[in-house]
Student: 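Pasting a structure below so you can have a look.
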Protein chains: 2
Amino acid sequence: MPTHYTGDESTRRALDAYIKLSRARKVLGHRTGQLLADFGLTESQFGTLEALYFLGPMSQKDIGEKLLVSGGNMTMVINNLEKRGLVTRQRVQEDRRQFMVSLTDRGRRLVAEIFPAHAQNIVDLMGILSAEEQDHLGRLCKALGRQTREA
Amino acid sequence: MPTHYTGDESTRRALDAYIKLSRARKVLGHRTGQLLADFGLTESQFGTLEALYFLGPMSQKDIGEKLLVSGGNMTMVINNLEKRGLVTRQRVQEDRRQFMVSLTDRGRRLVAEIFPAHAQNIVDLMGILSAEEQDHLGRLCKALGRQTREA
DNA sequence: TATTGTTATACTCTATAACTATA
DNA sequence: TATAGTTATAGAGTATAACAATA
């Protein structure tokens, strides 16, 4: 474990932050994932539904970029959601290479059903941190997530 | 996207922190995972090797708890590492239900070969944050990861 | 009875590369 | 030529439950 790495201080510090970040995310994801699993959804699937719910119809490419999921995977995720009647694909007339993905009524109802409990889970999990700490965590993570996509 | 959630402030704040945490971890994991992939290793596999390298031989159960990986998965991860001659299993004489997992010389050499570049990747990625910010991030994430295992 | 680990089941995720259709 | 999406490939992850061996 990097925690026991005895090298120089700046390396130890970065490794330590990284492993704690990873663990936190894993623990939180495990918790939130249980609720989703009760509804037969994976994180990628729910993330897709959530994006469509809050941002409206999008191409597969846009969803993939939002969720950091590769093209081939998006095809599969959308396929699985489509099989269950939660989303639909519609060709974009102006650019027939694209599909616009939209929630069906059933998909919308499912998100509406799950989201409150999902959000409450996250509020509960984050509740160990004060409002200021949550904001600070968000800012630090935002910097990490942004910088590293460009660099 | 929770970012566009228009509910109450505390919910928006928690969701926002959560999504940024998730994105950061995903971006970082993607980056560090590329190096590991060059050596034919997944994160779980390298995490196992790393734990054995820095903490010494451990039972599968202990590794699973460190890495937050379930029992059945640990069997598979260890199997795959064992096939490649990177780890070995030895029955524990005092409790013959357990296997002690150890690095082979080959496994130890592989970690020694990969770790410097892996650590440097993390130092580079975390480098967008100051030393104080990295420490702060670590503390916030530690609280998140710990609390939620107990609660 | 409880625990460690294995096995079986059944999906989902992951990346990549070759491919089709369209731009 | 470049882009959006599909398909094929090939593995690894995930959880669960039933099982064996041991405590």
Side-chain angles (χ1 to χ4, degrees), chain A residues 22 25-49 57-84 86-101, chain B residues 22 25-49 57-84 86-101:
Chain A
S22 298
R25 164 58 217 192
K26 205 159 185 174
V27 171
L28 267 59
H30 192 267
R31 275 286 209 94
T32 60
Q34 287 178 335
L35 172 67
L36 304 182
D38 289 342
F39 288 89
L41 294 172
T42 65
E43 277 198 39
S44 294
Q45 290 172 343
F46 185 69
T48 298
L49 296 178
M58 271 187 281
S59 70
Q60 292 187 195
K61 183 175 194 294
D62 289 343
I63 301 172
E65 283 171 5
K66 282 244 165 280
L67 271 51
L68 303 177
V69 167
S70 68
N73 291 153
M74 275 319 301
T75 295
M76 186 202 306
V77 172
I78 302 287
N79 280 350
N80 287 333
L81 292 172
E82 199 177 31
K83 276 180 207 157
R84 290 176 59 183
L86 300 174
V87 304
T88 56
R89 284 176 166 101
Q90 290 143 300
R91 271 219 186 281
V92 175
Q93 288 310 319
E94 306 81 61
D95 182 345
R96 295 180 52 74
R97 291 173 302 183
Q98 295 184 46
F99 279 112
M100 201 53 104
V101 184
Chain B
S22 298
R25 162 61 217 191
K26 205 158 186 175
V27 170
L28 268 58
H30 192 266
R31 275 287 207 94
T32 60
Q34 288 177 334
L35 171 68
L36 304 183
D38 289 342
F39 288 89
L41 293 172
T42 64
E43 278 198 38
S44 294
Q45 290 172 345
F46 184 70
T48 298
L49 296 179
M58 272 187 281
S59 70
Q60 293 187 195
K61 183 175 194 294
D62 289 343
I63 302 172
E65 282 170 4
K66 282 245 165 280
L67 272 51
L68 303 177
V69 168
S70 68
N73 292 151
M74 275 318 301
T75 295
M76 186 204 306
V77 171
I78 302 286
N79 281 349
N80 288 333
L81 292 173
E82 199 178 31
K83 277 181 206 155
R84 291 176 57 184
L86 300 173
V87 303
T88 55
R89 285 176 166 102
Q90 291 143 299
R91 271 218 185 283
V92 175
Q93 288 310 318
E94 307 81 60
D95 182 346
R96 295 181 50 76
R97 290 173 304 184
Q98 294 184 47
F99 279 112
M100 202 53 105
V101 184

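Proteins come first, then strands; the chains are lettered A, B, ... in the order of their sequence lines, and each starts at number 1.
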Student: Mapping B/Lys26 and A/Glu94 onto DNA chain C by nearest heavy atom, which one lands closer to the 5' end?
Tutor: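 First, find each residue's nearest nucleotide; the 5'-ward one identifies B/Lys26.
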
Student: Please enumerate all residues that pass side-chain hydrogen bond (donor to acceptor under 3.5 Å, both in side chains) together with B/Ser44, with sequence neighbours excluded.
Tutor: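 B/Ser44 satisfies side-chain hydrogen bond (donor to acceptor under 3.5 Å, both in side chains) with no residue once adjacent residues are dropped.
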
Student: Among all residues two or more places apart in sequence or in another chain, which pass the salt bridge (charged side-chain N to carboxylate O under 4.0 Å, His left out) test with B/Arg89?
Tutor: B/Glu82

Student: Could you note down all residue pairs passing salt bridge (charged side-chain N to carboxylate O under 4.0 Å, His left out) where residues 69-79 of chain B supplies at least one of them, sequence neighbours left out?
Tutor: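 Every candidate salt bridge (charged side-chain N to carboxylate O under 4.0 Å, His left out) pair involving residues 69-79 of chain B fails, so no pair, neighbours aside, qualifies.
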
Student: Output the rounded distance in Å from CD1 (A/Ile78) to P (C/dC13).
Tutor: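 That distance rounds to 11 Å.
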
Student: So, is A/Asn73 close to the C/dA15 phosphate, meaning a side-chain N or O under 4.0 Å from OP1 or OP2?
Tutor: yes

Student: How would you label the contact of B/Val77 with the nucleic acid (heavy atoms, under 4.0 Å): base, sugar-phosphate, or nothing?
Tutor: sugar-phosphate

Student: Rounded to whole Å, please give me the gap between CE in A/Met74 and P in C/dT12.
Tutor: 14 Å

Student: Checking all strands, does B/Asp95 fall into the base, sugar-phosphate, or nothing category for heavy-atom contacts under 4.0 angstrom?
Tutor: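 Counting heavy atoms under 4.0 Å across all strands, the contact made by B/Asp95 is with sugar-phosphate only.
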
Student: Within this structure, what is the CG-to-P distance between A/Leu36 and C/dT12, rounded to whole angstrom?
Tutor: 14 Å

Student: Rounded to the nearest angstrom, tell me the gap between atom NZ in B/Lys61 and atom C1' in C/dT3.
Tutor: 8 Å

Student: Starting at atom CD of B/Gln90, determine the distance to atom C1' of C/dT4, rounded to an integer number of angstrom.
Tutor: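 After rounding, the reported distance stands at 17 Å.
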
Student: Between atom CG of A/Leu86 and atom CG of A/Asn80, what is the distance when rounded to the nearest 0.5 Å?
Tutor: 10.5 Å

Student: If you assign each of A/Arg97 and A/Thr75 to its closest nucleotide in DNA chain D, which residue comes earlier from the 5' end?
Tutor: A/Arg97

Student: If you pin A/Arg96 and A/Ser44 to their nearest nucleotides in DNA chain C, which one's is more 5'?
Tutor: A/Ser44

Student: Within the pair B/His30 and C/dA15, is there a side-chain N or O less than 4.0 Å away from OP1 or OP2?
Tutor: yes

Student: Measure from CD on A/Gln98 to C1' on C/dT20 and round the result to the nearest Å.
Tutor: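 Atom-to-atom, A/Gln98 to C/dT20, this comes out as 16 Å.
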
Student: Which residues pass the salt bridge (charged side-chain N to carboxylate O under 4.0 Å, His left out) test with A/Arg84, not counting sequence neighbours?
Tutor: none

Student: Looking at residues at least two apart in the chain, or sitting in another chain, which of them share a salt bridge (charged side-chain N to carboxylate O under 4.0 Å, His left out) with B/Lys61?
Tutor: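 If we apply the salt bridge (charged side-chain N to carboxylate O under 4.0 Å, His left out) test to B/Lys61, skipping adjacent residues, the hits are B/Glu65.
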
Student: List for me each residue that meets side-chain hydrogen bond (donor to acceptor under 3.5 Å, both in side chains) alongside A/Thr88, sequence neighbours excluded, and say none if there are none.
Tutor: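 Applying side-chain hydrogen bond (donor to acceptor under 3.5 Å, both in side chains) to A/Thr88 gives none.
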
Student: Tell me the interatomic distance from A/Arg89, atom CZ, to C/dA21, atom P, rounded to whole angstroms.
Tutor: 16 Å

Student: Dump the pairs, protein N or O against N or O of nucleotides 8-10 of chain C, anything under 3.5 Å, distances to one decimal.
Tutor:
none

Student: Please report, rounded to the nearest Å, how far the C1' atom of C/dA15 is from the CZ atom of B/Arg31.
Tutor: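 So the two atoms are 17 Å apart, to the nearest Å.
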
Student: Both A/Gly71 and B/Arg91 contact DNA chain D. Which one's nearest nucleotide lies toward the 5' end?
Tutor: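 In this pair, the answer is A/Gly71.
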
Student: Does any N or O in the side chain of B/Lys26 come within less than 3.5 Å of the main-chain N or O of A/Leu67, such that one atom is a donor and the other an acceptor?
Tutor: yes

Student: Whether B/Gln60 contacts C/dT6 is assessed here as follows: a side-chain N or O lying under 4.0 Å from the phosphate OP1 or OP2. Is that the case?
Tutor: yes

Student: Could you report the tightest heavy-atom contact between B/Met58 and B/Met100, atom names first, then the distance?
Tutor: C-SD, 3.4 Å

Student: Would you grab the first and last nucleotide of DNA chain D (5' to 3') that comes under 4.0 Å of any non-hydrogen atom in chain B?
Tutor: D/dA12 to D/dA23

Student: With sequence neighbours left out, write down each residue that passes salt bridge (charged side-chain N to carboxylate O under 4.0 Å, His left out) with A/Asp95, or none if nothing qualifies.
Tutor: A/Arg97

